[in-house]
Each structure stands twice: as structure tokens, then as C-alpha cells.
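The sequence lines fix the lettering, A, B, ..., with proteins before strands; numbering per chain opens at 1. The figures that follow rest on heavy atoms only: side chains count, while hydrogens, waters and symmetry mates do not. Owing to the predicted nature of the structure, the values given are computational and were not obtained by experimental measurement.
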Amino acid sequence: MKLLKPFLFLCILFFFLVCFASPGSAVTKEEAFSKYEKAVTLSEEMHLAREDVFKFLPRISLAGEALLQNDFNRANTVLDDVLKELDLVRQNRPKELQSRFRLEWLEIYLGIFQWYAVLALLGLVFGRWFRARERVNDTGRPGAWRIAIFGSLLAVVFSFFDLSRYGESSWAFFDIQVVLAVLCGFWGGWIGGIGAGILLALFRWFLKPGIWVYPAAVLIAGILGAFWGRRVKDPIAGGRAVWIAGILAGIAHGLLVYLPMREAVTGFYLAFSVGFLALLEGGGAAVFCSVVSGILKEEKRRAEQEEHLKTKLLFLQAQLRPHFFFNALNTISAICTRENAPGAQGLILKLADFLRHTLKREHETATLREEISFIEDYLEIEKARFQERLQVIKEYNIAEKTWQAQIPILIIQPLVENAVRHGIQKRTAGGWVRVHLEEAAGSLKVEIVDNGAGEEPLFFQRMLRGEKTEVKGLGIGVRNIHERLRRHYGNEASLVFKTAIGEGTRVTVIIPISKEFPPLEIREKAFDFK
Amino acid sequence: MIKILIVDDEPLACEELNRLVLADKDCQIAGIAANGEEALRLIESREVDAVFLDIDMPGMNGLEVASWLAQWEHPPRVIFATAHNEYAMKAFDLSAIDYVLKPYQPERIQKALIRLKEVLKVRGGEFRDRLIALEDNLIRKGMLRKLAGHRRNSKERIVLDPMEVLYFQVRLSEVFAYQESGELIVRSTLKELLETLDPAQFAQTHKAYLVNVGKVEKVAPLFSGNFEITLKNSKRTKIPLSRRYSGGLKALLGGW
């Protein structure tokens, strides 16, 4: 490489010497005529571009005229210039060609990317709406046929894009139909794969009768897809199998298309084309499947999470062992009778009621009456604990009909519990809790007021904003109530706190009840005992 | 006077209920039974108008007692007692049968007794229908190890023990249970049967067949790759076993 620069330098020097040495000598007639001929043939051979034709042709004809007038010197200088410029044009041309070539390749790459995007989108649609989680083993024959017919229809539609774009199917290169046939085989089993393969082969035969290579390629792709998909039970884990099926289909496709021209191209070119095709088509199939498996994975994760929560709840319930608990309470209740303790018995029955209500909470809503009786049971038990320190005031000003309104569960009770725990319990002298219900313009207004310890005025605002507060176990409850109210009713419900240290707390909840709020599960109809 | 039988395996629970029932002047206690068998004996031997029947008892449980009573022409009224059995509670609601929860609330017991008195004033045989409806509900939910069916052209309901069944077959959307004594139309679907029956006892052998594994005598291969099962009954009935289900049965029978 070190010698390259001096060599070039010498060449240029030599070139200049030749150029500058020649004009000195006189120009012969033959020389001028041969140059003229050369210029004419060159300009014809090069298929000059339009603007170049206008640039060169007048000058060449000028030189011709000069030759006719035996003005060889003038002709020579003109022709020298023309030849030099023609040479320049010729030197520049390969670059142009190369760049055109590059542009074409860029377009092909872009086309492949577009097909990949289309495949990803198809995967999304398939994963979401076509219940891909049921493999063909479960969907049975009609499902497989559906896959075959739908897949090949889609492939036919896609081939029209290429036909309208290039006026020619692009079956010699990255072929979306081959990829779709593999996918049909993978998801639709033997029926899906061979069905789609035959349908597409028929389409190709119809479009290009007499050429068996292209129909064979799709049919083989369908069979390969089915073959590699036959053992895959879990579509989430099938990524490698479909990748292999796609690559094999690509190799088969490449060999079918390029092997007939093995004499015209080099072995390297052949291997490169086949390998590249295999990678592209395998990748296309894998893109589709990875999107589907991503969706399925996400679905599965969500289902598992839900299941997990459910089992956790069941587990908690089981830990409480309600059966044992209620039987035990029944025994204690009987002993209370024996030992003549009606007060204890009453409390035990309330406790049982309270517990049963807590356990029954499988639905997200309850009637107002159920919720209030739950609260009353709770207050009854707390009253027994605190005796005179806790006074309960009930003010219910609502119509009979309103008692049947459905409200979200555990909205009011935690607020009452907070009033007792953080208001009254903290105050040595005790205090009262007032539960006030009233109806106003289609809404239920619930007020829970206590004259207990209270908090600083902005305490609840800060808490709702999510700031840390010192009172343990209060934040989550109140925030949770706030969240649920907003989720159920949007802006129609409200939760307002008013408090001051030493002056108690007033919580006002407004819940719309005019709006129908159906229970999540229609409960079995009540019966008459006749 | 209404004669009431109390059935519960816990003495204190019986004592409490006894007291609550006697608080009503119109009621008297016909007896107290500690288990299902004793309860059935007492109901047969004495005159009983109504039974407070606990569900969870050792041996024969309350639901099984009710299932027995459903076969009687004039069963006594039944009021179930349970601590916490949501499935059973749902079944009671569906068949309009009253139940009380433990621990017993005096008001609730009083209410149940008042209803009972009203109902007994107008005597009718329709309570048996409710018991039958309850039995059907329980069978469907797999809470009774029993099957309900009827013969063709007859409305008479027959309750059978699944262990006695040789095999089930679906024919034209009806499910038949085959016993040594003949065939019976069952009200459940094959899928429901698969869910409720003991999977160690019954195995699917074909799209339309469910076989009692204990009644299989031999399994013979056919040329098609399917099999044929010969059963232990007197007729040596043969039923098909398709390739698809052969694996499961093979595992249950311990290979062949």
C-alpha cells in the first residue's frame, strides 16, 4: 500500500507530460479523422443522457464541419475537449449506476421492513381476537379450515400489492405468501398448513400457469409449518419451532427458485441468496409468533395474577375457618344460656353477624340496609368495649325505597371505624359518633361526625394527596375509599373531611343513587315459604 | 301441637335449640338425634311434623338424610341448620327450603317456627317436591354421591348409586346409565358427570361413553387402532374405547 501513492503520482505526472507534449506536434489528417470517429462511436455507445446529448452533439458536428474544411487543428482541439469530457462522463457513470442500484436495494429493504410490520400487526390481531390460545387440537377441524382459508385469502390480497407495484409478483424474493403458509401450518396443524398450501398453489398456478416452482414453494412451506407445529402444545413456547419452520421453508423456497439458474451464477451467490431468503422468511414467521406469544403471555400473566388474588382471598378465609368459628360461637352462646348471661349471648350473636357479613363480601356492592346493619353490628360490639365512653347517635332520614339502593361495599363502615378508633378511643373522656343519612337530589348523603380527638385541619387533604401521615393504618383506608368512589362514580361522588384538633371530625360522603348500580351478580331469587 | 325432632351431633347445640323451640308454646320436642341414622329411625318410629337438621354430622350427613326423606311419600318438613356452607345455602334457596344459621338467633328461630305453623295448617304433599328439587340441585353440584334418573316412558324418579352403574352413554342428546337391571335416563350431561363423579372410578372411553373402571373385565385391541372393552356384567356388554382416550384408561387400570 505504501507504494500506491508514489505510483499514482508517477501516473499523473506521465499523463500530464503526454498531454502537454502532444499539442506541439502538427496534427495529421488521419489523426483528426480517427479522433472524430472515436468521438462519434463513443457518443453513440454510451447512450448519453439528454442534456449530455445537447452538450456534445453540436460540438462533434462542429468538429465534423471543420474536418470538411480541412481545418484539422481546430477540429483536433474541439475533439480533444469532447473526448476528454466524454471520458469524464464515462468515469462518473458507474457511480450513478451504483447509486441507482443502492436505491433499489434500499427500497427492497424497506419493503421487507414493511412486511415485517404487517406481520407484527397480523400477530396482534390474531393474538387478540382469534383466540389463538386454543390451538387447533382444541378448535378442531372447522377451526383449522378457517385458519387455512383466512390465511390464504390474506396472502392473495397481499400479493396484489406487489402486483400493482411492480407489475410482477415478488415470489422470487421475500415472499409473504410463503411466510403466511408456514404460519397457517403452525397454527392450523396439518389441515391448516396443507389447506392453505393447496389454495395458494392453485392461486399461483392460475396466475402463472405452467410454472410449478412457485406453487411448490407455498405447499412445502405449509407442510413444514404443520410439521414443526405438530408437537407444540403451548403456543407461548413455540418460538423456536416456528423459526426453524420458517428458515426451512425459506431454504426450500430459495433452492426451488435459484437452483435452476445455478449455471448462470456463482456458488457463493447461490448460497447467499438462499441463506438470506431463509433468514428473512424465518424471521417473518418468528416476528408474527413472538407478537402472538407476547400477547398470550400478558394474558396469562393477568389471569394468573387474578387467580393468585382469588386464592389468596380464599386462603385468608380458610385461615379464619368460618365453619369452626360459627360452631364455636354457637357453643358459647349455648353456654351463655346455661349460665344465664344474656348480655354475652347478645354480643356473640352480633359478632357472628358481623363476621358473616365480612365473609359474604364476594360482590362489590350491597344494599344500603345491609351495609347499615353491618355498621350497627360493629358499633354494638364497640359500645360493649367502651361502655359509656362511646355514644352512638343514629339519624336516618331516608325513604323506604332508598334502603334498597345498591352502594359499593366498605365505603361507610371504615369511616365509622376511623371515627371510633382515631376519634373516640384517643380521648379519655370518650365521646359520641353520629351516623347521619339523608337524601338530596338523587344522592345519598352520609355524614359521620364525632367529637373526638380530631386532626389538624389539612390532615386529610395531605393524606389524600398521598403524603405520609403518622396515624398508622388510616391512610390506605381513606385513600382506598376515595379511589373506589371515583372509579364507580367519577365526579358525581364526593368525600369531604372537616376536622380540627380537639374538635372532632366530620366526614361527608355523597353517593349518587339515582343511577342504576346493578349488583355484579344477579342473586338467586328470593323464595316464599309456603 | 307441633312435634319437632332435633338432629345435631353437638349436645350443646341441641340443648340451645331445644330451649329456643320450647319458647314457642305450640311446639314440643319429639326427640333428639345425634346422627343421621338415628334421625331416620326416630322419624319412622315416632310421629314427627318437622325436623331441625344439622348438615355437618359424622357418618350420614344432613343432606343425605334429606335425600332419604325425599323418597318417602309424606316426609316431615325439614329446616336445615348450618354454620357456614355457602353451596348448601344456595341449594336451599333454589329449592325454597328454610334454613337457620349457627349461632342460633332467637328471632330467627321464632320466625322459622311461625312459618312452619302456617304451612302445617294447610297440609299438603308438595314438600316432597321441594326435597326432590333440593336433591337434584345437590346432585348436580356434586354434593351427594348419587344420581337421579328415570326410565323411558315413565316419570317416576329413581335415585341410584353411581357405583352400581356399568357405563354411561350419550344417545341423541340423552344420557343413559346402564345397570345390570336395565337402562335409565340421567338428567345430567356427560360433562357434568365427569366433573361430579369420582375420576378414579369413572373414565371416558369414547366421545359418548363413560365407563365404571371397576366393571371392566378386559380390553382388546382392534385393527383400527381403537380398542373394545368387555364389561363384567352377565351379558358381557362390549363398549368402544377410542385411541384418543385409551391413555387415560390405561393409566387407571394400571396398564394392559
Distance to the ring centre below 6.0 angstrom and angle to the axis at most 45 degrees; does that hold for B:R130 and B:F127? no
Whatever's closer than 4.5 Å to a heavy atom in chain A on B:E15 counts as side chain
Discussion item. Is the terminal nitrogen or CZ of A:R356 (NZ for Lys, CZ for Arg) located under 6.0 angstrom from the six-membered ring centre of A:F326 and within 45° of that ring's axis?
Written reply: yes
With a 6.0 Å cut-off on the ring centroids, do A:F354 and A:F374 count as close? yes
Ordered numerically, the heavy-atom neighbours of chain A under 4.5 Å found in residues 16-29 of chain B are B:E16, B:R19
Output a table of donor-acceptor pairs, distance under 3.5 Å, between side-chain atoms of residues 393-401 of chain A and any protein atom two or more places apart or on a different chain; print 'none' if there are none.
| from | atom 1 | to | atom 2 | distance (Å) |
| --- | --- | --- | --- | --- |
| A:E395 | OE1 | A:H436 | ND1 | 2.5 |
| A:Y396 | OH | A:E376 | OE2 | 2.8 |
| A:E400 | OE2 | A:R369 | NH2 | 2.8 |

I'd like to know if the side chain of A:T337 pairs up with that of A:Q345 as donor and acceptor (distance under 3.5 Å, no hydrogens or angles considered). yes
| said: Assess whether a salt bridge exists between B:K3 and B:E47, defined as any Lys/Arg side-chain N lying under 4.0 Å from an Asp/Glu carboxylate O. | reply: yes
